[in-house]
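Order of the sequence lines fixes the chain letters, A, B, ..., with proteins taken first and strands second; residue numbering starts at 1 for each chain. All heavy atoms count here, side chains included; hydrogens, waters and symmetry mates do not.
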Amino acid sequence: MSVEKRFVEHITDREEDFSRWYTDVVLKAELADYAPVRGCMVIRPYGYAIWERVQAALDLRIKATGHRNAYFPLFIPESFLSKEAEHVEGFAPEVAWITQGGSDVLEERLAVRPTSETVICTMYAKWIQSWRDLPVLINQWANVVRWEKVTRPFLRTTEFLWQEGHTAHASEAEAREETLRMLEVYREFVETELAIPVIAGLKSPAERFAGAQDTYSIEAMMADGRALQAGTSHFLGQHFARVFDITFLDRDGERKFVYQTSWGVSTRLIGGLVMVHGDASGLIIPPRVAPVEVVVVPIYRSTEEKEAVARFVAEMQPGLCGELRVEFDWREEYTPGYKFADWELRGVPLRLEVGPRDVRNGQVVLVRRDNRAKTVVPKEGVAAAVRDMLVTIQQALFDRALAFREANSQELVRLANFQEMMSEQRGFVHAQWCGDPACEAALKELTAATIRNLPLDAAAPDGTCIYCGKPATCRVVLAKAY
RNA sequence: CGGGGAGUAGCGCAGCUUGGUUAGCGCGCAGCGUUUGGGACGCUGAGGUCGUGGGUUCGAAUCCCACUUCCCCGACCA
């Protein structure tokens, strides 16, 4: 029996059934639970604590790039949504409608926002008069509703939490710069805080956001080799400005339409976190977003031992608690072994064991969640050792995820090899493309994989389209996606 | 939205084919005692509108119809 198997009793085997493993972990680690409403979930305190850390870390970056938070209404009049044809068409199938308020049937239906472009644009038209009013850099943290047919906790739920940034600029260049700036903020944020390596790139026209001129995304590889879109940033051009009449008087005395962007990441990131770092024992949370960084598990038999351990822990406590998120597990009803498994399931990155032996030797045992490596450290150096180790774990998780992605990525030029790869195993395929949507659609039909994006850091194309064999115009990453 | 599977105690399941007394089992939960360095053990105990609604029947967890929710595989989306 493998080490993993010996330690795990209640979770579906990850290799056997990845989907069930995912659901088991989300439920058993108490990140979320199914709500009594179709497609909806309850984010439980532990899961919400992760979201709060994600929010805090991202909000800091959003503000550092000059944006401010605001809040727009949940309800959007139907007429607003209908104004931009492409936009409505894109969202129509998944909009929830309010037709009645109290006992009165509404004259105009209200959409529960699937995204807020239309309300925000309506307000921007009112607020923007002069070039002096630009740029407008606003972000909102909100819930949105999309009536999805198939739902899964965190990955796709009817209602989800996200942040949506909406900006307006005087020039195209400035708006394009903003679009890429925020994409880069997402890339850095996801890689630094969530330890998830991503590929930043341009979406193909077929995968573009409804109403956008260009859509960019960051794409991550899950442990089953499938891709997860972890964030998007859109250059909206003047589409919405024209429809919602957002104009300003420029320095040259001319009235012009603004250029806009929008960008967002959602609670889906938590699903990604689970699927990238988790293992057979459950969750592994990168230290920087972990609600609990270190769990202290005391070990004792007799009352005397318990008291000795308690004194020992109390002496360490000031050094630990100052800047670390620490949990002390003094529960009487569970054995240490149970607690080990319990906190591993919850993904706490570092465990600190203190038993009679450690008290005698003036030491503690540190156990890493990611590789279960044990280190004995003297009591005096505990806080420093813990801090160091958390940094190490954060990096190790990123490195492991990156190595996994590379091991499951291939550069392919022949269609047959692509089909073979997608049928036997999953992963990312780097290939070249002629840019014809017909080839893209045919590839999807053939392999179930889609063009995830056109990586920004890719070299210039120098070959032929993997499907039609004509000269390629770009390099793409293909994968089956969530 | 199409195809398949499922809903019985907090969780995992049996019972249903062939309707018939108080609907079982394991884990978990509560109390007490012994335990505690990788998911401890004993004893005692609590816990169920059998997903919801309707129908058939003297009688339904079991048979029939509708609805609903979840899971898996596809088509659509963050």
Side-chain angles (χ1 to χ4, degrees), chain A residues 3-12 17-20 22-24 27-28 33-41 90-95 114-115 144-164 186 203 206-210 215 217-220 227-234 262-272 281-282 297-303 305-306 309 329-345 351-359 364-365 367 372 374 376 441 444-445 448 450 480-482:
Chain A
V3 177
E4 292 288 6
K5 280 225 172 101
R6 257 194 302 122
F7 290 151
V8 186
E9 282 179 7
H10 309 296
I11 310 173
T12 304
D17 187 341
F18 192 79
S19 286
R20 268 193 77 175
Y22 172 79
T23 311
D24 282 356
L27 258 32
K28 287 180 172 145
D33 200 356
Y34 290 102
V37 184
R38 197 205 102 91
C40 294
M41 65 171 177
F91 282 104
E94 48 194 54
V95 171
T115 179
V144 285
V145 167
R146 296 184 188 174
W147 216 259
E148 299 285 353
K149 311 209 155 107
V150 181
T151 59
R152 301 190 61 195
F154 291 112
L155 300 176
R156 182 175 298 107
T157 47
T158 301
E159 179 188 7
F160 58 93
L161 306 183
W162 76 348
Q163 101 359 256
E164 47 179 327
Y186 287 159
K203 281 289 190 183
E207 302 269 330
R208 206 151 55 192
F209 173 72
T215 288
S217 72
I218 50 171
E219 304 279 336
L228 183 79
Q229 181 171 307
T232 52
S233 185
H234 314 290
S262 69
W263 26 272
V265 301
S266 71
T267 36
R268 172 181 257 197
L269 285 176
I270 295 174
S281 301
V297 179
I299 298 154
Y300 50 84
R301 289 166 213 269
S302 60
T303 318
E305 281 182 349
K306 182 183 173 184
V309 169
D329 190 353
W330 285 102
R331 288 179 294 179
E332 291 286 354
E333 63 273 30
Y334 295 111
T335 61
Y338 179 93
K339 293 176 183 177
F340 296 167
D342 193 39
W343 291 108
E344 283 180 5
L345 168 63
R351 175 172 79 235
L352 196 158
E353 304 177 7
V354 188
R357 203 162 61 208
D358 304 307
V359 173
V364 303
V365 178
V367 186
R372 289 206 175 83
K374 290 192 179 187
V376 175
K444 185 176 178 182
E445 179 75 22
T450 51
K480 288 185 188 168
Y482 273 96

- Task: Could you give the distance separating B:rG38 and B:rG45 at their P atoms, to the nearest angstrom?
- Result: 34 Å

- Should B:rG2 form a Watson-Crick or G-U wobble pair with both distances under 3.5 Å, which nucleotide is its partner? B:rC73

- Task: For B:rC72 and B:rC25, measure between their P atoms and round to the nearest Å.
- Result: 32 Å

- Query: Between A:Arg301 and B:rU36, is there a side-chain N or O to OP1/OP2 distance below 4.0 Å?
  - Reply: yes

- Sort out the partner of B:rC58 for me: Watson-Crick or G-U wobble, both distances under 3.5 Å, none otherwise. B:rG20

- Message: Rounding to an integer number of angstrom, what distance separates B:rC70 and B:rG12 when you compare their P atoms?
- Response: 15 Å

- Task: Considering only atom P, compute the distance from B:rC50 to B:rA23 and round it to an integer number of Å.
- Result: 11 Å

- Query: How about A:Trp162: does its CH2 atom have over 12 heavy atoms from other parts shown lying under 6.0 Å from it?
  - Reply: yes

- Within less than 4.0 Å of OP1 or OP2 of B:rC71, is there a side-chain N or O belonging to A:Tyr34? yes

- Checking all strands, does A:Arg152 fall into the base, sugar-phosphate, or nothing category for heavy-atom contacts under 4.0 angstrom? sugar-phosphate

- Query: Which base sits across from B:rA9 as a Watson-Crick or G-U pair, both distances under 3.5 Å?
  - Reply: none

- Do we get A:Arg351 above A:Phe340's six-membered ring, with its NZ or CZ under 6.0 Å from the centre and within 45° of the axis? yes

- Under 6.0 Å from the CZ atom of A:Arg152, do we count more than 12 heavy atoms belonging to anything else shown? yes

- Please examine the side chains of A:Val354 and A:Val359, heavy atoms only from C-beta on, and report whether any two atoms are closer than 4.5 Å. yes

- Indicate, with a heavy-atom threshold strictly under 4.0 Å, whether A:Gln229 touches base, sugar-phosphate, or nothing. sugar-phosphate

- Item | Nucleotide forming a Watson-Crick or wobble pair with B:rG51, both distances under 3.5 Å | B:rC67

- Paired nucleotide for B:rG33 [Watson-Crick or G-U wobble; both distances under 3.5 Å]: B:rC41

- B:rC29 phosphate, OP1 or OP2, under 4.0 Å from A:Tyr334 side-chain N/O: yes

- Quick one: sort the A:Trp263 and A:Tyr186 rings into parallel, tilted or perpendicular, breaks at 30° and 60°. perpendicular

- Task: Describe the nucleic acid contact of A:Gly39 in one word from base, sugar-phosphate, nothing, applying a heavy-atom distance below 4.0 Å.
- Result: sugar-phosphate

- Query: Think A:Lys444 has a side-chain N or O under 4.0 angstrom from the OP1 or OP2 of B:rC76?
  - Reply: yes

- Establish, with yes or no, whether the OP1 or OP2 oxygen of B:rC72 is under 4.0 angstrom from a side-chain nitrogen or oxygen of A:Ser19. yes

